[in-house]
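Everything on this sheet refers to the single structure shown next.
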Amino acid sequence: MTLTMRALFTGLCLGLWLAVGAVFAQDEPSQNINRWENVATSAETVVDEKTASDTVLETLRARIVGFRAEFDTARQNNSERIATLRSQIAALGAPPEGENAEPEAPELAQTRADLNQQLNALLVPVQIAEREYLRADGLVRQIDQIVRTRQTEKLLTTTPSPLNPQHWAPALKDLEAAFGAMWIDRSEVSNAQKFTALRENLPLVFFSSLLGLLLLFRGRRWAVMMVTGLRNHQARGLGIWRFVVSLLRIFLPLAGLFLLATAARQTGFLGVRGTEITRLLPVLGLVIFGFRWVSERVFSRDDEEALLLLDQEQRRRARFYVNGITIVMIVQILTLKVVEFDLPTAATTAVVAFPFALLISFALFRVGQILRSYQDPEEETSEPETVQRSSTLARMVRSLGLGAMAIGILAPLLFAFGYEDLSDAILRPYVTTLVVLGLVMALQRFAADVYGAITGQGVAAREALMPVFFGLILLILAMPVLALLWGARLTDLSELWATFASGVAIGDTRISPSNLLTFAIIFSVGYLLTRLLQGTLRSNVLPKTQIDIGGQNALLSGLGYVGIFLAAL
């Protein structure tokens, strides 16, 4: 009896759970539609009025994108079943038409009616999702248009000219007051409580400061000593070790700067302004050491490691100007951050920022002159009478140099005439673009050294096909970063990626990025394994056989053809 009651109770619970689940399953789409209707109505009102702030528009846009993704998924629901039903209906043939046509068999007509009823039942939610998807997509495009229009208007808005002498005296007073407030700014905690907190944190502050100073002032020297030791021991893959150790020249001083900033905050003597400034120090340190690392890779002192083979004097001057740009940018950011605490006027901001922009523009112009004079080594060794096309790298470097010279002249002129935002929108992104492209070149060289160490080709691998392919991939990956630097929003990139991810329809086949990525990965792995196998046979296996040199070369060539064919297949 007990077992029977338990079975009955379990069955009742299961039935109740299924019934409730069915009710919620039916109510959930309705609730989603109701919530979407409220959001869409509000969004349409906001878009029509065009008075909401950018923050409100971005928040609203994020909600709409979420609903759009749901509708996009719902558009694909039951796609296989719908295709099957349509195929079944098509297999029945066209229904008889005309007065003289023979009537259709009742069984066939009933089957057609049942199939059409099932198809219509499945198409209704799909059509609703399609309609709402188009509505959401239209709202997203309208919001993006409003934000882009505001960005354009901001760039073309004029500010007081920094060359007007009437703005100089008030700007100097505001600057003096801002830095003076840094010294008198203190937290609300009493001095006794500050000393108590300092005494408690004294070990952490002391050791953090000591270790931070050591890493900051000795970290680069330690990294250089590591490279020298590897060179003396003739380490295999020295280019790889140089690259890895060069990264330590960034991370060690950066870690020291982070420790010093942490120690300064733990003292308890910093006010609100000082705390905000110390929070910026690790980020600014990354900019300083990162820019310097890229310049030392591109314009290296060592001819074998320099990515651009300029003469020694030109590379030295290029490093000097890049370091100058970095220092001026850091001082500008810190100065404007200090001034911003007192909510300065537009004239004060323009007067304070203009000298920094002028110095950065001058240094950028000088760097552009150096890049403009770049010549490919093959061009320098060729006869004057021989007409030879310059390499792609040489043309690109000279074009970047010409652009740097143009920006170095145009940016301060725009700033002087009051277009501060427009000047800043072309000056800083161009400087950062040069650094990003230098980083791509450094990573491509590192990939070439790794490939050379794996295949046994050494330095000769830098001219092989695979390192060029790696560089192309790195350049493609850098494109979104460059777009963000030049004013693109993350939402713009996400929209572009969504369009790209949908693929391209060719006939009845749709090619998606995942297909291309899978092909690229499989081909790269197959190509790398083929080259690795060729290198192993060339260095370890074939020399121990009785096959002559011609036969060995033929065997290696045949293996290469087969491996590349299989990788592509």
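Using a 4.0 Å cut-off between charged side-chain N and carboxylate O, R68 and D137 make a salt bridge. Under 4.0 Å is where a charged nitrogen must lie from a carboxylate oxygen, and between R316 and E313 at least one such pair does. No salt bridge links D144 with R141; every basic N to acidic carboxylate O contact stays at or beyond 4.0 Å. A salt bridge links E495 with R61: at least one charged nitrogen is closer than 4.0 Å to a carboxylate oxygen.
We find the OG-CZ distance between S361 and F415 to be 9.5 Å, quoted to the nearest 0.5 Å. Put simply, CD1 on I360 and CG on D424 are 8.5 Å apart, with the number rounded to the nearest 0.5 Å. Summarising the geometry, atom CH2 belonging to W168 is positioned 15.5 Å from atom NZ belonging to K173; distances are rounded to the nearest 0.5 Å. Taking CD1 from I407 and OG1 from T433, the interatomic distance works out to 9.5 Å, rounded to the nearest 0.5 Å. Taken to the nearest 0.5 Å, the CG atom of L434 stands 8.0 Å off from the CD1 atom of I325.
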T345 vs T348, side-chain hydrogen bond (donor to acceptor under 3.5 Å, both in side chains): CA-CA, chis, key distance, verdict: CA-CA 5 Å; T345 61; T348 298; 3.1 Å; yes

Given side-chain contact (heavy atoms from CB on, under 4.5 Å), test L364 with Y321 step by step and report yes or no. CA-CA 7 Å; L364 180 63; Y321 287 123; over 6 Å; no

Run the numbers on M329 and I288 for side-chain contact (heavy atoms from CB on, under 4.5 Å), then give the verdict. CA-CA 9 Å; M329 288 180 63; I288 293 174; over 6 Å; no

I'd like to know whether L259 forms a side-chain contact (heavy atoms from CB on, under 4.5 Å) with L210, so could you lay out the CA-CA distance, the side-chain angles of the two residues, the decisive distance to 0.1 Å, and finally the verdict. CA-CA 9 Å; L259 290 174; L210 180 61; over 6 Å; no

With side-chain contact (heavy atoms from CB on, under 4.5 Å) as the criterion, how do R319 and R292 come out once you've worked through the C-alpha distance, each side chain's angles and the decisive distance to 0.1 Å? CA-CA 8 Å; R319 292 194 302 270; R292 185 173 182 178; over 6 Å; no

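D303 and L309 make their closest contact through O-CD2, 3.4 Å (heavy atoms, listed as atom of the first residue, atom of the second, distance). Closest approach of V339 and P344 over heavy atoms only: O-CD, 3.3 Å. Taking every heavy atom of both residues into account, A425 and L155 meet most closely at CB-CD2, 3.7 Å. Annotation for P253 and F289: closest pair CB-CZ, 3.4 Å, computed over non-hydrogen atoms. Counting all heavy atoms, side chain and backbone alike, R372 lies closest to R398 at NH1-O, 3.3 Å. Nearest heavy atom pair, residue I64 against residue L139, reads CD1-CB, 4.0 Å.
A 4.5 Å side-chain heavy-atom check between R366 and R317 finds at least one atom pair inside the cut-off. With contacts defined as side-chain heavy-atom distances shorter than 4.5 Å, the pair D492/L496 does not qualify. Counting only heavy atoms from C-beta outward, the side chains of V147 and L57 approach each other to under 4.5 Å. Looking at P480 and L493, their side chains come closer than 4.5 Å, going by heavy atoms from C-beta outward. A 4.5 Å side-chain heavy-atom check between Y430 and L400 finds at least one atom pair inside the cut-off. Annotation: side chain of S373 is in contact with side chain of Q314 (closest heavy-atom distance under 4.5 Å). When side chains are defined from C-beta on, L334 does not count as touching V338, because their heavy atoms never get closer than 4.5 Å. Residues E276 and F341 are in side-chain contact: their nearest non-hydrogen atoms beyond the backbone lie under 4.5 Å apart.
For CG of L402, the number of neighbouring non-hydrogen atoms (other residues, nucleotides, ligands) closer than 6.0 Å is greater than 12. Around the CZ atom of F417, the shell of radius 6.0 Å holds no more than 12 heavy atoms that belong to other residues, nucleotides or ligands. The environment of R148 atom CZ is dense: over 12 non-hydrogen atoms of other residues, nucleotides or ligands sit within 6.0 angstrom.
The aromatic rings of F470 and Y451 sit perpendicular to each other, their planes meeting at more than 60°, with 30° as the lower class boundary.
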